[in-house]
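Please read the structure below before turning to the comments.
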Amino acid sequence: MTAGQHKAQSTVPERDYQARLIMPFAVLGIRIEEDWLTDIDYLPLHTPALKPVSPFAAEVCRQLLAYLDDPKFVFDLSLHIGGTPHQQRVWQCIQAIPPGATCSYAEIAHKLHSAPRAVGQACGANRLPIIIPCHRVIAKNGKLGGFMHASDGMPLTIKQWLLQHERV
C-alpha cells in the first residue's frame, strides 16, 4: 500500500502505526513523525486497537474522538502532508467545505481551473482523511462518486457513514 492509498489491509504490523483507533465505520491507523500527523489509514473493523505510543498520538486520537462526538469539531493538529501544488490547492478547497455540506468534483475543478478527474485523483491521494474531509466531495449528479480510489465496497460505506454523521 502506498502512502496515498487507504485500502483495507488484512494484516497490519503494529510498528507501522503509533495508534489504531476503533471507530464505528473502520479502525483508523494513525501514523506520526515526531509531532506531525502524516497519515490516517482506514483499516478493517476487525483490526485490533493499538493504544497511542506517544502524547501526540494520544492527542490525535482525542481529537478524532471529539469529531465522533461533534462533527463540527475543529481539528488543531500539526499536519505533514506532501503533495503537488495542484493537490495542495484541492485539499485547501476541501478543508473549506463545512461539516454537513458537500461540493462536487466539478465545482472544485471549476474553482481551480482544473478537471473533475484531476480533483478526484487529488482526493484519492489525500493521506489525512477526516482531517482533510475528502468524503465531502461528491459527484455532480449528487451521488457519492468514488472514495479512496474505489467506486464500491468498504470505501463507499465509510464515505456514506461520514456524510450521514455530519448531517445529524
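Using a 4.5 Å heavy-atom threshold, the side chains of Ile158 and His135 count as separate. Looking at heavy atoms from C-beta onward, Pro24 lies in side-chain contact with Leu68 at the 4.5 angstrom threshold. Residues Leu64 and Ile30 form a side-chain contact, since some pair of their non-hydrogen atoms from C-beta on lies under 4.5 Å apart. For the pair Tyr67/His165, a side-chain contact is recorded, criterion being any heavy-atom separation below 4.5 Å from C-beta on. Between Gln18 and Pro52, the closest side-chain pair of non-hydrogen atoms is not below 4.5 Å. A 4.5 Å side-chain heavy-atom check between Pro44 and Val27 finds every atom pair outside the cut-off. Between Asn126 and Leu128, some side-chain heavy-atom pair lies under the 4.5 Å cut-off. When side chains are defined from C-beta on, Leu28 does not count as touching Arg20, because their heavy atoms never get closer than 4.5 Å.
Pairs passing the side chain to side chain donor-acceptor pair (under 3.5 Å) check and including a residue from residues 90-102, sequence neighbours excluded, do not occur. Applying the salt bridge (Lys or Arg N to Asp or Glu O under 4.0 Å) test to every pair with at least one member in residues 89-110, sequence neighbours left out, gives no pairs at all. Within the structure, the side chain to side chain donor-acceptor pair (under 3.5 Å) test picks out the following pairs touching residues 136-145 (sequence neighbours left out): Arg136-Glu166.
Hydrophobic clustering, with ILVMFWY side chains joined whenever heavy atoms are under 4.5 angstrom apart, keeps Val60 apart from Trp36. Neither Leu45 nor Met154 shares a network with the other; the hydrophobic side chains, linked directly or stepwise wherever heavy atoms of I, L, V, M, F, W or Y lie under 4.5 Å apart, form separate groups for each.
With no hydrogens or angles considered, no side-chain donor-acceptor pair links Gln164 and Gln160 at under 3.5 Å.
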* Test salt bridge (Lys or Arg N to Asp or Glu O under 4.0 Å) on Asp41 and Arg127 and set out the steps. => CA-CA 7 Å; Asp41 292 331; Arg127 295 180 4 221; over 6 Å; no
* Asked: When you look at Phe75 and Ile130, which way does the side chain to side chain contact (heavy atoms under 4.5 Å, CB included) test go after all the steps?
  -> CA-CA 10 Å; Phe75 291 95; Ile130 301 175; 3.9 Å; yes
* To do: Kindly determine whether Leu65 and Leu21 satisfy side chain to side chain contact (heavy atoms under 4.5 Å, CB included), including the steps that lead there.
  => CA-CA 9 Å; Leu65 289 170; Leu21 180 64; 4.1 Å; yes
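Closest approach of Leu144 to Tyr105, counting heavy atoms only: O-OH, 4.4 Å. The two residues Gly146 and Lys159 make their nearest non-hydrogen contact at O-NZ, 2.8 Å. Between Ile32 and Ser54, the shortest heavy-atom contact is CD1-OG, 3.3 Å. Among all heavy-atom pairs drawn from Ile108 and Cys103, the shortest one is CG1-SG, 3.7 Å. The heavy-atom pair separating Ile94 from Cys134 by the smallest distance is CG2-N, 3.7 Å. In plain terms, the two heavy atoms of Ile40 and Leu37 that are nearest each other are CD1-CD2, 4.0 Å.
Taking the six-membered ring for Trp and thresholds of 30 and 60 degrees, Trp161 and Phe25 have ring planes inclined between 30 and 60 degrees apart. Note: His113 and His110 have tilted aromatic rings, judged against thresholds of 30 and 60 degrees for the angle between ring planes. Aromatic ring pairs are classed by plane angle as parallel below 30°, tilted from 30° to 60° and perpendicular above 60°; the pair Phe147 and Tyr42 is tilted.
Cys93 contributes atom SG, which lies 12.0 Å from atom CD of Gln88 (distance to the nearest 0.5 angstrom). Separation of atoms CG (Leu163) and CG (Leu156) is listed at 10.5 Å; rounding is to 0.5 Å.
Heavy atoms of other residues, nucleotides or ligands lying less than 6.0 angstrom from NE2 of His80 number 12 at most.
Under the 3.5 Å distance criterion, the side-chain polar atoms of Gln63 are matched with a main-chain donor or acceptor of Asp76.
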